[in-house]
Amino acid sequence: MKYDFSAIEAKWQKYWVEHKLYRTENTADGEKFYGLIEFPFPSGRGLHVGHTRPYTAMDVIARKKRMEGYNVLFPMGYDAFGLPTENYAIQNHVHPRTVTERNVNVFRSQLQALGYSFDWDREVNTTDPSYYKWTQWIFLQMFKKGLAYKTQMPVNWCTSCKCVLANEEVAEGVCERCGAPVIRKERSQWMLKITAYADRLIDDLEDVNFPERVKSQQINWIGRSYGAQVKFATTLGDEITVYTTRPDTLFGATYMVLSPEHTLVAKWMDRLTNPEEVKAYQAMAAAKSDMERTELNKDKTGVCLGGVKGINPVNGKEIPIFISDYVLATYGTGAIMAVPAHDTRDWEFARKFDLPIVEVIAGGNVEEAAFTDVATGTLVNSDFLNGMSVAEAKTAIINWLVERRIGEAKKNFKLRDWVFSRQRYWGEPIPIVKCEKCGYVPLSEEELPLLLPEVESYEPTDTGESPLAKMTDWVNTTCPCCGGPAKRETDTMPQWAGSSWYFLRYTDPDCKDAIASPEALRYWLPVDWYNGGMEHTTLHLLYSRFWNRFLYDIGAVPVKEPYQKRTSHGMILGENGEKMSKSRGNVINPDDIVKEFGADTLRTYEMFIGAFDLAASWSTEGVRGCRKFLERVFKLQEMVTPEDEYRKVLETKMHQTIRKVSQDYENLKFNTAIAAMMALVNEFYRVGSVSRKELQTLLLLLNPVAPHMTEEMWEELGFSGRVYQNSWPEYDEAKCASDTVEIALQVNGKLRATLNIRRDQEKEEILSLAKEALKDRLTGTIVKEIYVPLKIVNIVIRP
RNA sequence: GCAGAUAUGGCGGAAUUGGCAUACGCGCAUGAUUCAGGUUCAUGUCCAUGUACUUGGGUGUGGGUUCAAGUCCCACUAUCUGCACCA
């Protein structure tokens, strides 16, 4: 009997589609289960073996849950707006919509060829006007609540192409396309006030089941810190406000540093003694990204502002003011007080510029290095703070500052507001018009969706505006508020917009009058299990939690947190252990694998490749191994005996395997689940036969991973119904354990022998058996005898 | 630089609470089947030493705790992911 995978897979895929096998209703008996995977960006390169790993994993979970009686929602869609499609469209003079449609069709057929159990009736596409209508609607709600606003923000500007570049299009400070230098230029941008939700985004993590590493990465990214804001007077009259997490070290502040972009620098420019030097430094800083600027191993640079001094409020001392690019305009107030004795970066800067280092917390040697340990130090050289601990000093100094109205306790976040504008064509138009009289005015909800107009060229304009700016008929409109002349916003939304709420739309994808009907949202939310990549932890995952929380606050969704459980998969690397990429020539196309080995083999291999949450390298030899395993299962048909029960010799093994596979699937340990099934199959071969009942159980266990082959065998063997209509096999805990176990016998921790014991044997009896077995080695005084039940005996002797 | 993670045979990886390191697969070796190659089946396979028994070493590096450490603690090193306009 030959395993003809192409015929088998085609047959069952057709059957599943025709019978709408995986269609999900919004009401049903049994508990609901909503399993979600990150929907793909339909790129021109097609589906990647990196996609199929998490998709297969959740498909396994979904199939198992259905067999356990759950009403399962397992949907798929396309996150189809975005830069790569737009760039392809520009190069090839085709409409991005055409490119998107083509790519989506390729993706869909690739996904279907892998036998995923998606409910295809619920497919969503973020570029569909009936979808982005609601993306725009959410933006309008945010605007109405004051969470969307415009401000000046720096963007990457190519001096030659004269257009705004994405960070990805900038390589080592030059434009990726033309090689011309890229500078940072201020532009008016739409922003979303995610910082208003910073506390909630941290605090609500307590209620969800996310891996610790995901939680801590989000918490650190949001970066909540408690400190103080302090006003420093200057000799030019203006005050500088600094943010510090260490107000206790105020007596040790021996200089100040402003970010090169700080507004006071420009204001003071005429009165400085070294304006040329300052301007030159600002120009240099503008050419660097934030990351380059904060690299610690680089030499600290900076310029002292000539002709102005700051005044330390606690001791009245005049201290120099520098500008340096290690201070970022976007964090805190863009200005710091520098305490070189107790901050590493300040210490290095002070050494380089020969500035005084004043120790105010005893415990280290500040001549050698900054002393940053807050737990043990005691305040010194600090007047009324002397002798206090760091914690006491913080409270005391803040009270002192508050009394004099020169400072206050302040909570700060590293999280920045979300830059929501893109000067691009292929995104959702922002539904706002600008009226000379009324300012920024939202469109009324009846006018949504605001459709993307047809343009001839998708190239950004010379002024850096989006291609939409060239559509004067579209841009010039009337103000919804006063009816006077107004202009439409020409920026579009980032790709993150559509993906921030897609999981809501799946619950009711055709809903006409809301993001989804309240009944559907109530039934399906929260998502029970969301699997995705670690690389999305601080952006997509955080953004979508933010949007959901906002929608909860305005009563549009019923749950605070959208995802009850989050898991992450590791990347699939090339055969050489490097990231798969065209330039490295190590890309594996899933289509080729399906064609040569079959979808069931690809699925099995990707589940077997290694620990699900770690990266794993591709191995075509490994694929062959999984194919061999499936062939061995297929050939079991020739060895079937008619018993409709587990035979005595295999009973324990059967129960153990069911338990292992059930638990391992649930814990995403697919590799060990498959190993257990391989071991079971080896056992069948060793025995030389398999009973009908044993094979039936194996087919049920293997079905989620290899659905086509198991369905075919099920039919061939004449079992009733389809595999998916049957229940998940059960195991008996009592039958998982054999009567005897082998334990290890150690002397001084070294393995010397093993011993077979009965489960119910007494400790004393086992110890005496052990000593008998080890008697040649017990050549000294026995100091200690350790027995760990059913595991080990360790006898400690001294000569 | 900051943040999060990872490190086990020739390779992918396994190992409830600290309790027999290397399950399962690949590769390799030997044998059977075959005209032959492939397939399939069986056996073996951490390293060193040795006649089989054995003995010693061994989970990135260096220390520590413990009767016992891949697992816990301290200090390193290397690699991977993200860093806000790629998604």
Side-chain angles (χ1 to χ4, degrees), chain A residues 38 40-41 43 79 81-84 153 155-156 164-170 189 194 211-221 223 289-298 326 330 345 414-424 494-496 499 533-540 542-543 568 570-571 573 577 579 605 608-611 613-626 628-629 631-632 635 669 671-672 674-679 682 685-686 742-754 783-786 788-797:
Chain A
E38 291 171 339
F41 168 69
S43 81
D79 188 14
F81 276 128
L83 189 62
M153 280 296 291
V155 294
N156 300 310
V164 176
L165 298 182
N167 286 346
E168 199 191 49
E169 298 172 296
V170 183
Q189 304 264 52
I194 189 172
E212 260 334 292
R213 57 182 177 146
V214 171
K215 284 191 183 181
S216 50
Q217 212 169 312
Q218 288 206 341
I219 289 168
N220 289 331
W221 177 261
S289 70
D290 282 0
M291 218 192 308
E292 290 168 320
R293 289 170 54 160
T294 51
E295 272 181 28
L296 198 60
N297 54 4
K298 287 223 171 110
Y326 82 91
T330 46
R345 287 161 305 177
K414 284 210 179 85
L415 183 70
R416 310 204 290 264
D417 277 340
W418 176 1
V419 184
F420 203 67
S421 292
R422 299 291 184 272
Q423 292 70 45
R424 301 282 174 172
Q495 190 170 12
W496 306 112
S499 61
M534 270 315 278
E535 69 274 18
H536 293 116
T537 301
T538 53
L539 297 176
H540 160 68
L542 201 61
Y543 290 155
S568 284
M571 265 202 300
L573 307 171
K579 200 169 166 174
Y605 174 65
F608 187 62
I609 190 168
D613 56 344
L614 299 180
S617 325
W618 185 267
S619 154
T620 301
E621 289 305 322
V623 178
R624 275 185 237 284
C626 289
K628 193 167 132 186
F629 166 62
E631 300 252 18
R632 274 164 76 81
K635 280 204 313 195
K669 295 171 79 171
N671 51 340
T672 49
I674 291 170
M677 289 187 279
M678 286 172 168
N682 290 345
Y685 273 80
R686 199 181 57 76
E742 190 185 62
I743 63 165
L745 305 184
Q746 297 180 336
V747 177
N748 287 351
K750 286 195 194 299
L751 178 70
R752 293 305 181 195
T754 56
V783 198
K784 208 166 181 181
E785 296 171 5
I786 293 143
V788 181
L790 306 181
K791 288 256 163 72
I792 204 162
V793 170
N794 188 13
I795 314 274
V796 185
I797 59 170

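Sequence lines set the chain letters: A, B, ... in the order given, protein chains first and strands last, and positions in each chain run from 1.
- Distance from the side chain of A:I609 is smallest for B:rG12 among the nucleotides B:rC85, B:rG12, B:rG82.
- A:H536 comes within 4.0 angstrom of a base, heavy atoms only.
- Using a 4.0 Å heavy-atom distance criterion, A:S421 is classed as a base contact.
- Every residue was checked against the side chain to side chain donor-acceptor pair (under 3.5 Å) condition with A:E535, not counting sequence neighbours, and none meets it.
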Under 3.5 Å between N/O atoms: give me all the protein pairs with nucleotides 3-5 of chain B, atom names plus distance.
residue, atom, partner, partner atom, Å
B:rA3, O3', A:N220, ND2, 2.7
B:rG4, OP1, A:N220, ND2, 3.0
B:rG4, O2', A:Q217, OE1, 3.1

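- Distance from the side chain of A:R632 is smallest to B:rC41 among B:rC41, B:rC85, B:rU81.
- For A:K750, a side-chain nitrogen or oxygen approaches OP1 or OP2 of B:rG57 to under 4.0 Å.
- For the 3.5 Å distance criterion, the side chains of A:E212 and A:Q217 fail to qualify, holding no donor opposite an acceptor.
- Contacts of A:M571 with the nucleic acid, taken as non-hydrogen atoms under 4.0 Å apart, involve only primed sugar atoms and P, OP1 or OP2.
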Dot-bracket summary - RNA chain B, pairs being Watson-Crick or G-U whose distances fall under 3.5 Å, with | when paired to another strand: (((((((..(((......[....)))((((((.......))))))(((......)))..(((((..]....))))))))))))....
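- One interatomic measurement links the two molecules: CG of A:D417 to P of B:rC85, which rounds to 12 Å at whole-angstrom precision.
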Nucleotide-resolved protein contact map, nucleotides 18-29 of chain B, B/S/- at heavy-atom distance under 4.0 Å: -BB--BBSSS--
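- Across all strands shown, A:L415 has heavy atoms under 4.0 Å from base atoms, whether or not it also approaches the sugar-phosphate.
- A:K215 comes within 4.0 angstrom of no nucleic acid atom, judged by non-hydrogen atoms across all strands.
- Taking only side-chain nitrogens and oxygens, A:N167 comes nearer than 4.0 Å to OP1 or OP2 of B:rA84.
- A:Q218 comes within 4.0 angstrom of no nucleic acid atom, judged by non-hydrogen atoms across all strands.
- When heavy atoms are screened at a 4.0 angstrom cut-off, A:Q423 is found touching base atoms of the nucleic acid.
- Heavy atoms of A:R752 sit under 4.0 angstrom from primed sugar atoms or phosphate atoms, though from no base atom.
- Within the nucleic acid shown, A:V155 comes within 4.0 Å of at least one base atom, counting heavy atoms only.
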Can you check nucleotides 58-65 of chain B for protein contacts, nitrogen or oxygen pairs under 3.5 Å, and list what you find?
none

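- For A:T537, there are no side chain to side chain donor-acceptor pair (under 3.5 Å) partners two or more places apart in sequence or in a different chain.
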